[in-house]
Amino acid sequence: SELVRFLRQGSACSSDQQLDFEAFTLKANKRKIRVPTQLFINGEFVDAEGQRTLEIVNPTNEEVLCKVACASATDVDKAVQAAHSAFYGPWKQITPRQRGQLMVNLADLMERNKEELATIESVDSGAVYTLALKTHVGMSIEAWRYFAGWCDKIQGNTIPVNPARPNNVLTFTRKEPIGVCGLITPWNYPLMMLSWKMAACVAAGNTCLIKPAQTCPLTALKFAELTVRAGFPPGVINVLPGKGSDAGQAVADHQLVRKLGFTGSTPIGKHIMKSCADSNLKKCSLELGGKSPLIIFADCDMDKAVKHGMSSVFFNKGENCIAAGRLFVEDRIHDEFIRRVLKDLRTMTIGDPLDRSTVHGPQNHKAHLDKLLEFCRRGVDDGAKLVYGGCRVPHLKGYFFTPTVFTNVTDDMFIAQEESFGPIMIISKFSGSDVDSLMERANRTEYGLASGVFTKDIGKALSFADRIEAGTVFVNVYNKTDVAAPFGGFKQSGYGKDLGQEALNEYLKTKCVTVEY
Ligand code: TAP
């Protein structure tokens, strides 16, 4: 009852009141869904400074869906001030268990609205609806539930230090929230990237503002509406669609933001890290690009290797940070593996992502599609063999790109080294008698996000896990992530983890207290 009293006082709108916002009505999937189109600052939907807007394009038909407010640096400052006041005001009064309850309320609301959220995600980002429901939205809900459970389990230690005799001494640590956190996310899993970061951040007791990717901010705005209905006090969560170069940059530069959680490309990650250092030395965690190797030994279960090898590349139309950027297939099964991949590709259903039979939807936006076409041109120019795709899907409007396979790829080629972030399978051969040189080739990249191996020999698999320089290793499976398992890269794929207990620590600071008695 204390919680209910607080929430009635503290929240901008209880669940039975009408929340006021300008909205766009999305008519899709036999539904009519109201999606807010303004910035969400201090518990209210408001216009951006100077009524600036972003055009949101539906990647399935290339038509403008709606316009949403586009935040400026001034808008970012307003959101930071709100988050700052909330952190030192109402949010501090909430107990960890109450915090966890709010997060559970939010997860319940997301669950109740999951078809709406998945429909928005599908239309806005081109994600296939069935996948959006299970992964984009399903794993988001799980993240909120998982981290809700941590709220009242964040503990310090007592530490046996040397006392100055005859006195005694007690030293203990406290894990404290950092303060206002800025979150900046990419466009491949809009709601899931938001949830992975924000659930850990909020569970740790911080307040935050998020700048989602400019191409697809609609689920983030629908999510903002749900946070009000769940009872979050104003200012704890702020959502500001906008451009990276101004709103995103303003978050990284802000003096009152004490932590920045970033997921995106390696070049922007490096730039952001400099801004974090120059502004106020804010802590940052960076989940960046990848070029993950997947090794398929001849002694694998071939059915499994083909199935997971396909999804390691084509899952979420290749817009998957842990996508296998390079497949190394043992020479003895190389031709058979390709034959089976091509057979499956020829029957892959490409089309409207809302159609339940569709497996492969449009790429997220036009610039990305153009980048993929250029990537394939480089592959062909360098002498790789294009055995499937490499072009737009003929006769389909929208940013549809044909799933693609390159073989005869050598280590020095551009396509062997650079991330495509699209549905492009890059296959190279290796000899099973020289595992040392295979490992050297697999590690010859500045990225270190994920990796995978298919073999029935447990010794080979564990030796691969020992030697590969990557934050995630999959054995006889791929893309098997879980909200309880830490996720993040090595080398230039960044540092700091999302998910699992380790993610909480990214949003906590340790205070050490020493008492002499
Ligand atoms: P980026 O271009 O790096 O953009 C990521 C986010 O940063 C966007 O919200 C972007 O805003 C913003 N941004 C751009 N310039 C900024 C600046 N100067 N200051 C602050 N923010 C700025 O990446 P992307 O193209 O959206 O995403 C693809 C990349 O993300 C790939 O490399 C992929 O591997 C990586 N990724 C990694 C992971 C993990 S977990 N490691 C997960 C998903 C994606 P705009 O929307 O305006 O560009």
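Both counts, for ligands and for their atoms, begin at 1 and track the order of listing. Just so you know, these numbers come straight off a predicted model, no measurement behind them.
Nearest to atom 28 (C) of ligand 1 among the protein's heavy atoms is Phe421 CE2, 3.5 Å. Looking from atom 24 (P) of ligand 1 to the surrounding protein, the closest heavy atom is Trp187 NE1, 3.4 Å. Remark: minimum distance from atom 20 (C) of ligand 1 to any protein heavy atom is reached at Gly248 C, 3.1 Å. Nearest protein neighbour of atom 31 (C) of ligand 1, counting heavy atoms only, is Glu419 OE1, 3.5 Å. Closest protein heavy atom to atom 36 (N) of ligand 1: Cys321 CB, 3.6 Å. In this structure, the protein non-hydrogen atom closest to atom 46 (O) of ligand 1 is Gln214 N, 2.8 Å. Protein heavy atom in closest approach to atom 35 (C) of ligand 1: Gly264 O, 3.1 Å. What sits closest to atom 43 (C) of ligand 1 on the protein, heavy atoms only, is Asn188 ND2, 3.2 Å.
Taking a 6.0 Å sphere around NZ of Lys67, one finds it holds 12 or fewer heavy atoms contributed by other residues, nucleotides or ligands. A 6.0 Å sphere centred on NZ of Lys134 holds no more than 12 heavy atoms belonging to other residues, nucleotides or ligands.
Remark: the backbone N or O of Ala83 is paired with a side-chain donor or acceptor of Thr207 at under 3.5 angstrom. Panel note: side chain Thr215, backbone His365; no donor-acceptor pair is recorded below 3.5 Å. The main-chain N or O of Glu418 is found under 3.5 Å from a side-chain atom of Lys291 such that the two form a donor-acceptor pair.
When only modelled atom types and interatomic distance are considered, Ser275 and Lys282 share no side-chain donor-acceptor pair under 3.5 Å. For the residue pair Thr74 and Asp77, no side-chain donor N or O sits within less than 3.5 Å of a side-chain acceptor on the partner. Residues Tyr189 and Asn320 bring a donor and an acceptor atom of their side chains to less than 3.5 Å of each other. Looking only at atom types and distance, the side chain of Ser195 has a donor-acceptor partner in the side chain of Trp144 under 3.5 Å away.
Heavy atoms of Phe487 approach ligand 1 to within less than 4.0 angstrom. In this structure, Phe262 has a heavy atom closer than 4.0 Å to ligand 1.
Counting the atoms of ligand 1 from 1 in the order shown, those under 4.0 Å from a heavy atom of Ile272 are 19 (N), 20 (C), 21 (N). Listed by atom number, the atoms of ligand 1 under 4.0 Å from Leu449 heavy atoms are 41 (N). Listed by number with element, the atoms of ligand 1 under 4.0 Å from a non-hydrogen atom of Ala213 are 9 (O), 46 (O). Residue-ligand proximity, Ile184 to ligand 1, at heavy-atom distances under 4.0 Å covers atoms 6 (C), 7 (O), 9 (O), 12 (C), 20 (C), 21 (N). Shown in contact with His271 at under 4.0 Å from a heavy atom are these atoms of ligand 1, numbered in order with element: 18 (N). Interface atoms of ligand 1 facing Lys243, defined by a heavy-atom separation under 4.0 Å, are 47 (O). Atom numbering of ligand 1 starts at 1 in the shown order; those under 4.0 Å from a heavy atom of Thr185 are 6 (C), 8 (C), 9 (O).
Looking at ligand 1, you won't find any N or O of Thr215 less than 3.5 Å from one of its N or O atoms. Looking at ligand 1, you'll find an N or O of Leu288 within less than 3.5 Å of one of its N or O atoms. The shortest N or O to N or O distance between Asp498 and ligand 1 is not under 3.5 Å.
Closer than 4.0 Å to atom 4 (O) of ligand 1 lies none of the heavy atoms of the protein.
When ring centroids are compared, Trp196 and Phe487 come within the 6.0 Å threshold.
Shown here for Thr53 and Cys70, the closest heavy-atom pair between the two residues is C-CB, 3.7 Å.
Among Gly244, Ala323, Gly489, Pro186, the residue whose heavy atom lies closest to atom 22 (C) of ligand 1 is Gly244.
Between Cys284 and Tyr495 the shortest side-chain heavy-atom distance falls below 4.5 Å.
Judged by the 6.0 Å distance and 45° axis criteria, Lys480 is not positioned over the aromatic ring of Phe474.
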